[in-house]
Colleague: 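A single structure is presented below for examination.
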Amino acid sequence: MAEPIKGRKAEQAAPTPQNTPANNAPISSRAQQPNVASIKEEDLDARAAASIFAQNPKLISIMQNKLDSLVGRPSGYIESLPPTIQRRVAGLKGVQKDHAKLEAQFQEEVLELEKKYFAKFTPLYEKRAKIVNGKLEPTEEEVAAGKTAEEQEESEEQKAERLDTSGEEAAKKIPDDAPGIPEFWLSAMKNQITLAELITDRDESALKYLSDIRMEYLDRPGFRLIFDFAENEFFTNKTLSKTYFYQEDTGYGGDFIYDHAEGENIEWKPNQDLTVRTENTKQTRIIKKTIPTNSFFNFFNPPKPLKEDEEEEDGASDIEERLELDYQLGEDIKEKLIPRAIDWFTGEALQYEEFGEDDEDYDDEDDEDDDEGSDDKDDEDETDDDQDLPSMISAARDIARASGQSTQHEVSRSPEVTFRPSSPGSYGGGIGLSRVPTYSDRPAKQLTAFATEDIKILLLENVNQTGREALTKQGYQVEALKSSLAEDQLIAKIRDVHVIGIRSKTKLNARILKEAKNLIAIGCFCIGTNQVDLQYAAQHGIAVFNSPFSNSRSVAELMVAEVITLARQLGDRSMEMHQGTWNKVSTGCWEVRGKTLGIVGYGHIGSQLSVLAEALGMSVIYYDTLNLMALGSAKQVGTLDTLLHQADFVTLHVPELPETKNMIGKAQFELMKKGSYLINASRGSVIDIPALIEASRSGKIAGAALDVYPSEPAGNGDFFNNELNSWAKDLRSLKNIILTPHIGGSTEEAQSAIGIEVSDSLIRYVNEGVTVGAVNLPEVTLRSVTTDEPDHIRVIFIHRNVPGVLKKVNEILSEHNVEKQMTDSRRDVAYLMADISNVSGRNLQELYDSLEALSCMVSEILLRHMLTSCSPHHDPDIALITDTLEVKWAFARYKTLG
Ligand SMILES: NC(=O)C1=CN([C@@H]2O[C@H](COP(=O)(O)OP(=O)(O)OC[C@H]3O[C@@H](n4cnc5c(N)ncnc54)[C@H](O)[C@@H]3O)[C@@H](O)[C@H]2O)C=CC1
Ligand SMILES: O=C(O)CCC(=O)C(=O)O
């Protein structure tokens, strides 16, 4: 007996009498397939139920007992109904029978229609056979009609750059004058994944002689597949056929059900039987033994279904799986390979394969898991009775609810204890913060701003608790919200606050900032600051801080993950498995070792990634507008075009700027290698997404990963749709495009470090006026005023960068001793900081008035003065001054802590 075909098929099986409930056996008629909506709904329910069952073995057992007790037992309800109602129920059953008859007729007509069109297709198939076997040349018109735009466009150079060039090597070996299309059917079958898994190297030598695959309908329900072979050294048959019979009676809903299949006996030539292998066993003497082995030719020796009265022994489920596979193979050859052989030959048909719906591939022998097979059988048994399914699911939900389980979508959880940084405070230091002690680490006797409790801080977008705690510890009033705010809500709140903390989603444009009369600082708890109108903020004395590299490593690691995920199609495989589909494939899956990574933007993230990628054995090239030192063996290239031309994987790490908007569009996709990959974790505007969709659909790129989008929602929820971005639906429908919700920097480590870093900058600015780390103002710092210097004040004067201001300010300050002073400018804004001594409380009002007057004189955009002093907090003069300035919070002084 031939060795059984190992492997099993997942999801929608070809219907067999054993595996198929009588209501679910669509054959080829597309008219019968359930519509998408119904599939989804059922899938959801079934998935929910499956998940509940999986999590709760007790539940399975309860359900099983319940079902067992119900099987074959009327509930008594129908029988107890009044006779008139019972009569109507019987009548409805009669009406249903008429419906069933019509459904059966419908199926028969569909079959007739298939036959009618098959007769029309046949001359085309015959012409195909002649061209394939060198008996006919296609006409000029046929050739012109068959050439796709893409084929015409692909240059020799681009061809040479494909990741896989093995096909070209093989093609070169075919002589120019070879008749027809050599190995046409073998190539087509190898691209058809279900079949490819069955074809061994030895089979290939025989399948080279395959000259045509045809089919014919039977007089009774069923069909025959016919394989024509040229003369060969393996067997004497000229044709090998396989016949599939449907049951005479249609099933529930009129569907045809497979009955059995019959193959043809292969007349093997001596020692050429491909379905067995010979093994020498050495005991006392050498014995030659033939052992069944894997071979495509086992297809002609199909498994036999068990008869109804046959005992179900061990291995029954194996037969069932083999039957499923056998029927699926027949379907695939009939429905896919024969009608569209040329597309299978070229491989184009693969892009239209919906693995979630039509399972294509089977496990290797080594990976077979018989236990799983029998589990599946159990599952099928449980769900065979559709009428019971809804009540089972609802019962399951009830039980799950009662036991506190949720039927909602669960997300994965990391072992917190293992990964959580030992202490948020110390952790931040590890990512660059250790270069300077953080403000809050300083010794006691620290000076802080006058009336810190009046400082109002609004934190949006779930700023990490490290940041929240540091700010709260200063005595500020901190309000922290989990999400961003709609514009009108934001305007209402921002009017009131002195500091706002945001991440990437909150847009602080001029319109909003104009309303922010009290605002002195913005903390971007992230790297990017494109969400803030930096210039407007600077011109209005609002300092903007960010965290320039605390999440760079997290982004770089995500890039590595995505490079491998794309190369291995992990997104697709995982999604298929979640849908119940086992789809073991290697076609189009690659190692990343030896491939070229092209990094666009070699800053904090790009350079980190460069190091990680080289450790994986990738070659790294990068493009940056700056001339930057390469890390490791990476190489800088002179133009973006060169990078796109050479890279197998392209990742983008540039800031959002006018120059980077749509940096990757149609023209750039054309320059990329065919079959390459693109990853964007920078900003959504950097890629022209409709062009990406086109490049993905045309197969120009093999995959992509996007973490950022032109429009992103303010909070979590079902927002990734066409209302947000007009192409969202198209993007979502594409396979092998990984879509993530801007999580590049979303790790515990990064957020913890960012929280510390940004809050530290804010505290230093609010309390001391130090702008180190500001992205829109000059960076100015002076050593702190301490408690040993009781009569000092710090003057901070932000002004327009025009001649003569310093002179005027110093004239005002000259009444006192200027202990230290620093000034710097950035574009049209300048920042002056001066510590003066011998200032009494009374002088403060004078100083302030003079500076305020000066500000009016110098320019209308004089931005802000801040006077600070280390005098005691309860000085009535100071209180007076701060009261008058409370709106702008333009004046402050230090008080001693502790
Ligand atoms: N997905 C996410 O969660 C995150 C996204 N990001 C984004 O990544 C971007 C890059 O971050 P970093 O590496 O930290 O920034 P960076 O400032 O350290 O590096 C950016 C590099 O891009 C280069 N560059 C600027 N314009 C260019 C152009 N037109 N062509 C080529 N190179 C150009 C710069 O010279 C610089 O070397 C950020 O601006 C941010 O938008 C950052 C962190 C997290
Ligand atoms: O984590 C975030 O919210 C934003 C991350 C990001 O894009 C950035 O740091 O620029």
Side-chain angles (χ1 to χ4, degrees), residues 431-432 459-464 467 482-484 501-507 523-532 534 544-559 561-562 598-611 621-631 634 636-644 650-664 668 679-687 705-710 712-716 738-755 757-758 775:
I431 311 182
L459 299 178
L460 301 178
E461 303 184 51
N462 203 16
V463 164
N464 194 267
K482 283 214 177 306
S483 69
S484 184
I502 59 168
R503 287 171 65 185
S504 58
K505 285 178 199 144
T506 308
K507 303 276 173 267
C524 296
F525 286 77
C526 55
I527 289 180
T529 51
N530 59 299
Q531 65 280 37
V532 179
L534 296 178
V544 181
F545 299 91
N546 74 336
S547 167
F549 45 74
S550 290
N551 64 14
S552 316
R553 174 68 186 206
S554 300
V555 181
E557 287 188 10
L558 181 70
M559 297 303 92
E562 290 187 338
I599 299 174
V600 183
Y602 203 65
H604 289 106
I605 298 173
S607 53
Q608 273 279 322
L609 173 60
S610 171
V611 175
I621 54 174
Y622 63 91
Y623 166 68
D624 199 295
T625 41
L626 301 178
N627 195 8
L628 294 167
M629 190 189 74
L631 299 182
Q636 182 156 15
V637 294
T639 65
L640 176 62
D641 289 3
T642 314
L643 180 138
L644 296 173
V650 176
T651 63
L652 306 173
H653 308 290
V654 291
E656 183 179 75
L657 297 170
E659 309 86 273
T660 58
K661 189 171 165 65
N662 286 339
M663 184 176 195
I664 305 292
Q668 287 68 35
I679 304 178
N680 184 22
S682 59
R683 284 295 178 258
S685 58
V686 174
I687 293 188
L706 300 181
D707 188 43
V708 286
Y709 310 88
E712 295 180 2
N716 291 343
I738 302 169
L739 301 174
T740 47
H742 203 145
I743 50 160
S746 297
T747 60
E748 299 273 4
E749 291 92 336
Q751 293 308 313
S752 163
I754 289 173
E757 190 178 8
V758 179
V775 294

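Each ligand, and each atom within it, is numbered from 1 in the order the structure gives.
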Colleague: Quick check: does Val555 get an N/O under 3.5 Å from an N/O on ligand 1?
Modeller: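 Such a contact does not occur with ligand 1.
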Colleague: Compute the minimum heavy-atom distance from Arg683 to ligand 1 and say whether it is under 4.0 Å.
Modeller: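 Yes.
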Colleague: Would you please determine whether Cys526 falls within less than 4.0 Å of ligand 2 on a heavy-atom basis?
Modeller: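 In this structure, Cys526 qualifies as a contact of ligand 2 - some heavy atom is under 4.0 Å.
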Colleague: Is the contact between Asn551 and ligand 2 made by the side chain, the backbone, both, or neither, using heavy atoms and a 4.0 Å cut-off?
Modeller: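 Side chain only.
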Colleague: At what distance is the nearest protein heavy atom to atom 30 (N) of ligand 1, and which residue and atom is it?
Modeller: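 Here the closest protein heavy atom is Met663 CE, 3.3 Å.
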Colleague: Quick test: of every protein heavy atom, which one is nearest to atom 28 (C) of ligand 1, and how far off is it to 0.1 Å?
Modeller: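 Nearest protein contact, heavy atoms only, for atom 28 (C) of ligand 1 is Thr625 CG2, 3.6 Å.
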Colleague: Could you find the nearest protein heavy atom to atom 36 (C) of ligand 1 and give me its residue, atom name and distance?
Modeller: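 Looking only at protein heavy atoms, the one closest to atom 36 (C) of ligand 1 is Asp624 OD2, 3.4 Å.
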Colleague: Suppose we measure from atom 9 (O) of ligand 2 to each protein heavy atom; which comes out shortest, and what is that distance?
Modeller: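 Result: Ile527 N, 2.5 Å.
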Colleague: Provide, to 0.1 Å, the distance between atom 3 (O) of ligand 2 and the closest protein heavy atom, together with that atom's residue and name.
Modeller: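 Atom 3 (O) of ligand 2 sits closest to the protein heavy atom Arg503 NE, 3.0 Å.
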Colleague: For atom 9 (C) of ligand 1, what is the closest protein heavy atom, and at what distance to 0.1 Å?
Modeller: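 Looking at atom 9 (C) of ligand 1, the protein heavy atom closest to it is Val654 O, 3.7 Å.
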Colleague: Below 4.0 angstrom from a heavy atom of Arg683, which ligand 2 atoms are there? Numbered from 1 as shown, please.
Modeller: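 Near Arg683, the atoms of ligand 2 are 6 (C), 7 (O), 8 (C), 10 (O).
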Colleague: How far is atom 10 (C) of ligand 1 from the closest protein heavy atom, and which atom is that?
Modeller: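 Going by distance alone, atom 10 (C) of ligand 1 is nearest to His653 O, 3.4 Å.
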Colleague: Does an N or O anywhere in Ser552 fall below 3.5 Å from an N or O of ligand 1?
Modeller: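 So ligand 1 has no N or O lying under 3.5 Å from an N or O of Ser552.
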Colleague: Does ligand 1 have any atom that is closer than 4.0 Å to a heavy atom of Tyr623?
Modeller: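 Yes, that is the case, since the closest heavy atom of the residue is under 4.0 Å from the ligand.
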Colleague: Classify the ring geometry of Phe549 against His604: parallel below 30°, tilted from 30° to 60°, perpendicular beyond 60°.
Modeller: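 Phe549 vs His604 ring planes: tilted.
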Colleague: Starting from atom 6 (C) of ligand 2, what is the nearest protein heavy atom, named by residue and atom, and what distance separates them?
Modeller: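 Sorting protein heavy atoms by distance from atom 6 (C) of ligand 2 puts His742 NE2, 3.4 Å first.
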Colleague: Report the nearest protein non-hydrogen atom to atom 6 (N) of ligand 1: residue, atom name, distance rounded to 0.1 Å.
Modeller: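 Result: Ala681 O, 3.7 Å.
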Colleague: Examine ligand 1 and decide if any of its atoms is less than 4.0 Å from a heavy atom belonging to Leu628.
Modeller: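 For ligand 1, residue contact (heavy atoms, under 4.0 Å) with Leu628 is present.
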Colleague: Test of understanding: given a 4.0 Å heavy-atom threshold, classify the contact between Glu461 and ligand 2 as side chain, backbone, both, or neither.
Modeller: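 Near ligand 2, Glu461 shows nothing, with every heavy atom at 4.0 Å or more.
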Colleague: Return the closest protein heavy atom for atom 4 (C) of ligand 2 as residue, atom name and distance.
Modeller: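 Among all protein heavy atoms, the one nearest atom 4 (C) of ligand 2 is Ser504 OG, 3.4 Å.
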Colleague: Among Gly601, Ser550, Ala556, whose heavy atom sits nearest atom 22 (O) of ligand 1?
Modeller: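 Residue with the shortest heavy-atom distance to the ligand atom: Gly601.
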Colleague: Output yes when the distance from some N or O of ligand 2 to some N or O of Gly745 is under 3.5 Å, and no in every other case.
Modeller: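 Gly745 vs ligand 2: no N/O contact under 3.5 Å.
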Colleague: Taking atom 16 (P) of ligand 1 as the point of reference, which of Arg503, Glu659, Met559, His604 owns the nearest heavy atom?
Modeller: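 It is His604 whose heavy atom sits nearest to atom 16 (P) of ligand 1.
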Colleague: Using a 3.5 Å distance criterion without hydrogens, assess whether the side chain of Asp624 forms a donor-acceptor pair with backbone atoms of Asn627.
Modeller: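 No, the answer is negative, given that no donor and acceptor are paired below the 3.5 Å cut-off.
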Colleague: Which option, Asn546, Leu626, Asn551, owns the non-hydrogen atom nearest atom 43 (C) of ligand 1?
Modeller: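 Going through Asn546, Leu626, Asn551 one by one, Asn551 has the nearest heavy atom to atom 43 (C) of ligand 1.
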Colleague: In the protein, which heavy atom is nearest to atom 11 (O) of ligand 1, and how far is it?
Modeller: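 Minimum-distance protein heavy atom for atom 11 (O) of ligand 1 reads Ile605 CD1, 3.4 Å.
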Colleague: Have Asn464 and Ser752 got a donor and an acceptor in their side chains that come within less than 3.5 Å?
Modeller: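 No.
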Colleague: Ligand 1 and Ile743, any nitrogen or oxygen pair closer than 3.5 angstrom?
Modeller: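 No - when backbone and side-chain N and O of Ile743 are compared with those of ligand 1, no distance drops under 3.5 Å.
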Colleague: Among all protein heavy atoms, pick the one closest to atom 25 (C) of ligand 1 and tell me residue, atom and distance.
Modeller: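 For atom 25 (C) of ligand 1, the nearest protein heavy atom is Pro655 CD, 3.5 Å.
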